[in-house]
Enquirer: 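One structure follows; several queries about it will come next.
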Amino acid sequence: MMGKRHLKEVFQRLKADTAAPGEMAKSVDFSVFSVLVTGSNQGIGLGLVKRFLELPCPPKWVFATTLDLEGEETKELRELACKCPNLVVLQLDVTKLESIQAAVKEVQKCVGEGGLTILYNNAGIWDTNDLQTENAKDMMRVYSVNTIGPLQMSQAFLPLLKKAARRSPCQGLSSSKAAVINMSSIAGSIELMAHWDQSQVIGYRCAKAALNMLTKCQSLEYPADGIMTVAIHPGIINTARNPFWEISMEESTRGIMTVLSKLREEDNGTFLDWLGRPVPW
């Protein structure tokens, strides 16, 4: 296991490098027909939706999802949809199959034979339980959103991802052809065990480690249909709740967009950070 001093140096280096992604992302330009980002009424999800809409050639369809279409936390997303005709806001609970299937039908109506280019499994939750307080109920709740949710979403949207891959003129695997992007976390890295002394968050760590394994499994199965799968650590975002921050929301989402634009066949099945650097499993 990585020692405290070494781990601290790693995070200091990551923080020092964060000027680059914002600068690089300003010139990001890649073609995406359609994209769906789960859990996008706030936070990183909302930031990613904005980045896609800001592309020089934005997707024809951007699908953003929220648990509550009328909730206060969805207000900014609703206002954004009023300004952007290519943005569709969907109600979605990734833990409920009927909700997922309803979302599939709505997306199908819009994209038709064009399919879904990128499924970005961003929705996630966490709790603060440690080894003494973790329990079955809380752990299952975190797993249902962070691990089972991405599995069920990928299964349900696979036919639309296949359509996008078949119609794409791109050779090899890329995010412009068809991709499943799973939002992971450095907390799921078994080798790093980042910030263990400060925050154990057992259920969250285990769920993200399981999501990483799901990513690897998908990366072995989906390429036959022209679909790539990648896990991304977005960085530790500067929020009032987060004492370990590395970067701002804008730096994270702009960096991720740069990474997405550069994904190629050799990146299939990898675990990358917001700067495109490999994260230890």
Side-chain angles (χ1 to χ4, degrees), residues 25 28 30-126 141 144-146 148-161 163-164 175-176 178-183 232 234 237 239 249-250 252-254 256-257 260-261:
V28 170
F30 69 115
S31 177
V32 177
F33 173 71
S34 59
V35 58
L36 186 151
V37 183
T38 63
S40 44
N41 59 301
Q42 59 182 333
I44 299 176
L46 178 58
L48 287 171
V49 166
K50 291 177 179 178
R51 300 293 86 80
F52 276 109
L53 293 171
E54 292 169 356
L55 286 173
C57 184
K60 182 174 181 179
W61 297 104
V62 177
F63 301 96
T65 79
T66 176
L67 282 171
D68 184 2
L69 287 173
E70 303 303 323
E72 182 62 27
E73 292 181 338
T74 311
K75 181 179 179 181
E76 185 176 358
L77 185 59
R78 293 196 303 268
E79 293 175 346
L80 190 60
C82 291
K83 303 174 184 176
C84 304
N86 59 332
L87 173 59
V88 179
V89 182
L90 302 173
Q91 192 283 328
L92 175 66
D93 184 339
V94 299
T95 69
K96 297 181 179 179
L97 283 175
E98 61 270 25
S99 180
I100 294 174
Q101 290 298 336
V104 170
K105 290 179 181 179
E106 291 302 313
V107 172
Q108 173 68 72
K109 290 178 185 177
C110 296
V111 302
E113 292 304 307
L116 181 64
T117 312
I118 297 178
L119 169 61
Y120 205 116
N121 288 312
N122 167 74
I125 61 173
W126 72 311
R141 183 173 65 93
S144 68
V145 177
N146 296 7
I148 301 173
L151 169 64
Q152 294 185 143
M153 285 292 294
S154 301
Q155 290 172 329
F157 281 92
L158 187 58
L160 291 180
L161 289 162
K163 282 186 177 182
S175 58
S176 293
V180 174
I181 308 297
N182 293 324
M183 190 70 93
I232 291 183
I237 309 302
T239 66
M249 187 73 69
E250 180 171 321
S252 172
T253 55
R254 290 192 181 279
I256 290 172
M257 290 300 292
L260 293 179
S261 72

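In what follows, residues are counted from 1 in the order of the sequence shown.
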Enquirer: Verify, without hydrogens or angle tests, whether Gln101 (side chain) and Lys105 (backbone) share a donor-acceptor contact under 3.5 angstrom.
Expert: no
Enquirer: Over all heavy atoms of both residues, which pair between Leu87 and Ala64 is shortest? Give the atoms and the distance, please.
Expert: CD1-CB, 4.0 Å
Enquirer: Would you list the atom pairs, donor with acceptor, under 3.5 Å between side chains in residues 35-50 and any protein atom, with sequence neighbours excluded?
Expert:
unit_1, atom_1, unit_2, atom_2, d
Thr38, OG1, Asn122, N, 2.8
Thr38, OG1, Ala123, N, 2.8
Ser40, OG, Val37, O, 2.8
Ser40, OG, Thr65, N, 2.8
Ser40, OG, Thr65, O, 3.4
Gln42, NE2, Glu73, OE1, 3.2
Lys50, NZ, Glu76, OE2, 2.5

Enquirer: Would you compute the distance between atom CG of Asn121 and atom CD1 of Ile232 and round it to the nearest 0.5 angstrom?
Expert: 11.5 Å
Enquirer: Quick one: list whatever passes side-chain hydrogen bond (donor to acceptor under 3.5 Å, both in side chains) with Ser144, sequence neighbours left out.
Expert: none
Enquirer: How many angstroms lie between atom CE of Met183 and atom CD1 of Ile256, to the nearest 0.5 angstrom?
Expert: 4.0 Å
Enquirer: Take Thr66 and Leu92 through the side-chain contact (heavy atoms from CB on, under 4.5 Å) test and state the conclusion after the steps.
Expert: CA-CA 6 Å; Thr66 176; Leu92 175 66; over 6 Å; no
Enquirer: Which residue pairs satisfy the salt bridge (charged side-chain N to carboxylate O under 4.0 Å, His left out) criterion with at least one member in residues 56-72, sequence neighbours excluded?
Expert: none
Enquirer: Check Leu161 against Leu116 and note the closest heavy-atom contact, atom names and distance.
Expert: CD2-O, 3.2 Å
Enquirer: How long is the straight-line distance from CZ of Phe52 back to CG of Asn86, given to the nearest 0.5 Å?
Expert: 12.0 Å
Enquirer: Kindly write out the residues that satisfy side-chain hydrogen bond (donor to acceptor under 3.5 Å, both in side chains) with Glu106, not counting sequence neighbours, or none if the list is empty.
Expert: Lys109
Enquirer: Considering the options Ser261, Pro58, Cys57, Pro59, which one meets the side chain to side chain contact (heavy atoms under 4.5 Å, CB included) requirement together with Val32?
Expert: Pro59
Enquirer: Roughly how far apart are Ser175 OG and Ile181 CD1, rounded to 0.5 Å?
Expert: 6.5 Å
Enquirer: What are the two closest heavy atoms between Ile100 and Val94, and how far apart are they?
Expert: CD1-O, 3.5 Å
Enquirer: Just verifying a value: how many Å separate Trp61 CH2 and Thr117 OG1, rounded to the nearest 0.5 Å?
Expert: 13.0 Å
Enquirer: Does any non-hydrogen side-chain atom of Met153 lie less than 4.5 Å from one of Leu119?
Expert: yes
Enquirer: Kindly indicate, with the supporting measurements, whether the criterion side-chain contact (heavy atoms from CB on, under 4.5 Å) is fulfilled by Asn146 and Ile125.
Expert: CA-CA 7 Å; Asn146 296 7; Ile125 61 173; 3.9 Å; yes
Enquirer: Report yes if some heavy atom in the side chain of Glu250 is under 4.5 Å from a heavy atom in the side chain of Ile237; otherwise report no.
Expert: no
Enquirer: Looking only at the side chains, is there a donor atom on one of Ser176 and Ser31 sitting less than 3.5 Å from an acceptor on the other?
Expert: no
Enquirer: Using the test side-chain hydrogen bond (donor to acceptor under 3.5 Å, both in side chains), find all partners of Ser99 that sit at least two apart in sequence or belong to another chain.
Expert: none
Enquirer: Without swapping roles, check the side chain of Arg254 against the backbone of Arg51 for a donor-acceptor pair under 3.5 Å.
Expert: no
Enquirer: Measure the spacing between OG of Ser34 and CG of Leu160 and express it to the nearest 0.5 Å.
Expert: 8.0 Å
Enquirer: Side chains of Val88 and Val62: closer than 4.5 Å at any heavy-atom pair?
Expert: no
Enquirer: What's the shortest heavy-atom distance between Phe63 and Cys110, and which atoms?
Expert: CZ-CB, 3.7 Å
Enquirer: I'd like to check the side chain to side chain contact (heavy atoms under 4.5 Å, CB included) partners of Glu113; sequence neighbours left out, ordered by chain and number.
Expert: Lys163, Arg167
